[in-house]
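Quick notes on the structure that follows.
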2 protein chains.
Amino acid sequence: MSVAGGPKWRRRKEARPGEIVAAAFAVFAEKGFAAARLDEIAARAGVSKGALYLYFETKEELFHAVVRDAVAPNVAQVRAAAEAFEGPFADLVRALLPMMAARIAGSGAAKVVKMVIGESRNFPALAQHWHDEVVAPTLSVLSGLIERAQARGEVRPGDPRVHAFSLVGPLMLGVLWREVLEPVGGAPVDLQALAAQHVETALGGLLAREGAAA
Amino acid sequence: MSVAGGPKWRRRKEARPGEIVAAAFAVFAEKGFAAARLDEIAARAGVSKGALYLYFETKEELFHAVVRDAVAPNVAQVRAAAEAFEGPFADLVRALLPMMAARIAGSGAAKVVKMVIGESRNFPALAQHWHDEVVAPTLSVLSGLIERAQARGEVRPGDPRVHAFSLVGPLMLGVLWREVLEPVGGAPVDLQALAAQHVETALGGLLAREGAAA
DNA sequence: GCTATAAATGACCCGCGAGTTATTACGCCT
DNA sequence: AGGCGTAATAACTCGCGGGTCATTTATAGC
C-alpha cells in the first residue's frame, strides 16, 4: 500500500538470511516443525515465499539453520565460564546454575528444547546435532568438574554423570514447566528462586560432609 | 487374500475402540500428532480409515482418548501408594522414586510426555488435560508429603514445591534422555541406577541433619 | 540515462491426507 | 432360512501447503 512511490521491495542479499532465520525461529517455536507454514515465515520476514528458496533448499534445512543459530553462542559461554573457574566446587555450582537458568530463560533456548523434543522422531538428524553440539559437551564439562571435585574429596563418590543429572534435572524440569504448563494454567515457576534453593539442596547431598566418617 | 472363504471382516463393536486407541498410541508416539497418518493408524488397528470415524469424531479427539487411556491408571496407583505409606519420609522417597521410574519407563508414558511437550502449543487443550489430571495432582501429593515431613522436622525448610522439583527433576531428565537422545547416539541411561543414586543425593540435601543446629 | 544482472515476486502445480458417503456384507433374531 | 439393522469398507472430495518458475523490478556499471 505504499502509495507514495517507494519501491515495492529492495535488494538486500546480505540481510535476508538472518531475518528469515529469525522469523522461522519464531514460527517454529510457536507451532513446531510440521505445523509451521512457510507462508507465515515469509510474511514475518517481510518477504515472499519464493524468496525463502533463494537462501534455503528446503523447509528442513531452514529448521537446521534455526537450531544452529539460536543455540551455539550460549553453550560456548557457559562452557568457558565453567572451565575458567578456579574456586571450590560449591562456589562454582552456586554461580553456574543460576547462570544457566538465566541464559536458558532469556534466550529462546527453552523453545528450541521443546521443538527438538517434539520433532526428534521425525528429524533424528536434528536431535543428533543437538546432542553432539549442545547436550553432550555441556554434560561432559559438568561431569568432568564433578569428577575432579571427587578426586579432591569435595564431592561424595558416585557416577559423576548421575550427579550431573541430579544438578541440572530440576532446572530443566522448571524450564519445561514454564514452556508447556504455565500457558495452560500451571502455577508460575520462578526459575531463579528454583535454581537458588535447588543448588543448596543438591550441594547438601553432593558435598562430602566435613564431620562425617566416610 | 483369504481365499479359503473366511469373512472379509468381522463385527466387533466392543473391541474396536481399544484396538484403535492402542494403534493410535503407537503411531502418535512415533510420529507426533501432526505427522501421524490416519491411514496408518487404521492399518495397524486392522481396520479401514472410515471405521475410525465410527468411534471418534476427529483426529484430535482420538489424540485425547490416547492420552486419557495411556496415563490415568499409573497416576492413580502412584498416588495411592504415596498416600498409604506410613513410615519416615526417607523410606517413602526411597520406595517412591524407583517405582515412578519403573512405571514411566514400563508403560509408554514417556512417549506421551514427549508427545504432549511437542504438541503443547498446537493443542493447548491437551496440555491442559495433562496438567490437570496428571502433573498437578502428582505434584500436589508430593509437595504435601514434603510439607508434612517438614512439620515433623524431618525435612529442611524451603518451598515444598521446589523440593519436589529437586526430587523428580533428574528422573524426568533421564526419561527424556532415553526417549530423545539415546536413539541418536546418546550414552545409555540406566533409569533404576539413576533413581537409586539420585534419591540418596536428594535425601542428603533434603533431610534435616541430626547433629545440626537448625 | 541505458542496459545487463540477479533479487524478489506471486501465481501456479500437484501430491497428500483429513474427512465423507454410497455401498457391501456380517450376524443376530425370529 | 432369510431378512434386517448396522459394522465396516473403499473409493471419493477437497482444501491446504511445500515447492516451482516465468515474470517483474531494483540497482550496479558503463
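Model, not experiment: these values are computed from the prediction. Order of the sequence lines sets the chain letters (A, B, ...), proteins ahead of strands, with each chain counted from 1. Only this structure's heavy atoms are used, side chains among them; waters, hydrogens and symmetry mates stay out.
For the side chain to side chain contact (heavy atoms under 4.5 Å, CB included) criterion with B:Lys59, the lone passing option out of B:Ile41, B:Leu52, B:Leu38 is B:Leu38.
Under the 4.0 Å criterion applied to side-chain N and carboxylate O atoms, B:Glu30 and B:Lys111 are not assigned as salt-bridge partners. In summary, A:Glu119 and B:Lys114 do not engage in a salt bridge, as defined by a charged side-chain N under 4.0 Å from a carboxylate O.
Among the heavy atoms of the strands lying under 4.0 Å from A:Tyr55 are primed sugar atoms or P, OP1, OP2 only; no base atom is included.
The distance between atom CD of B:Glu19 and atom P of D:dA7, rounded to the nearest whole Å, is 15 Å. Per the geometry, NZ belonging to B:Lys31 stands 11 Å off P belonging to C:dA18, to the nearest Å. Atom CD of B:Glu61 and atom P of C:dG19 are 11 Å apart (whole Å). Between the P atom of D:dT6 and the CH2 atom of B:Trp9 lies a distance of 13 Å, rounded to the nearest Å. Look at CD on A:Glu40: it is 15 Å from P on D:dC16, rounded to the nearest Å. Distance, B:Arg12 CZ to C:dC28 P: 13 Å, rounded to whole Å. If you measure from atom CG of B:Leu54 to atom C1' of D:dT6, you get 9 Å, rounded to the nearest angstrom. Atoms CZ (B:Phe28) and C1' (C:dG17) sit 13 Å apart, rounded to a whole Å.
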Polar atom pairs between nucleotides 18-22 of chain D and protein, under 3.5 Å, N or O only, would you list them?
residue : atom : partner : partner atom : Å
D:dG18  : OP1  : A:Ala36 : O            : 3.0
D:dG18  : OP1  : A:Arg37 : NH1          : 3.3
D:dG18  : OP1  : A:Lys59 : NZ           : 3.2
D:dG18  : OP2  : A:Leu38 : N            : 3.0
D:dG18  : N7   : A:Lys49 : NZ           : 3.1
D:dG19  : OP2  : A:Tyr53 : OH           : 3.0
D:dG19  : OP2  : A:Lys59 : N            : 3.2
D:dG19  : O5'  : A:Tyr53 : OH           : 3.4
D:dG19  : N7   : A:Lys49 : NZ           : 3.2
D:dG19  : O6   : A:Lys49 : NZ           : 2.7

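Inter-residue side-chain proximity for B:Trp130 and A:Val184 is flagged as unmet; no heavy-atom pair is nearer than 4.5 Å.
Side-chain N/O atoms of A:Arg16 include none lying less than 4.0 angstrom from OP1 or OP2 on C:dA7.
Note that B:Arg16 lies outside the cation-pi zone of B:Trp9, set by a 6.0 Å cut-off to the ring centre and a 45° limit from the axis.
Residues A:Gln150 and A:Arg156 have side chains that never bring a donor and an acceptor to within less than 3.5 angstrom of each other.
Looking at A:Arg11, its side chain has no donor and acceptor atom pair within 3.5 Å of the base of C:dA7.
Heavy-atom neighbours of B:Arg68 CZ from other residues, nucleotides or ligands within 6.0 Å: at or below the threshold of 12.
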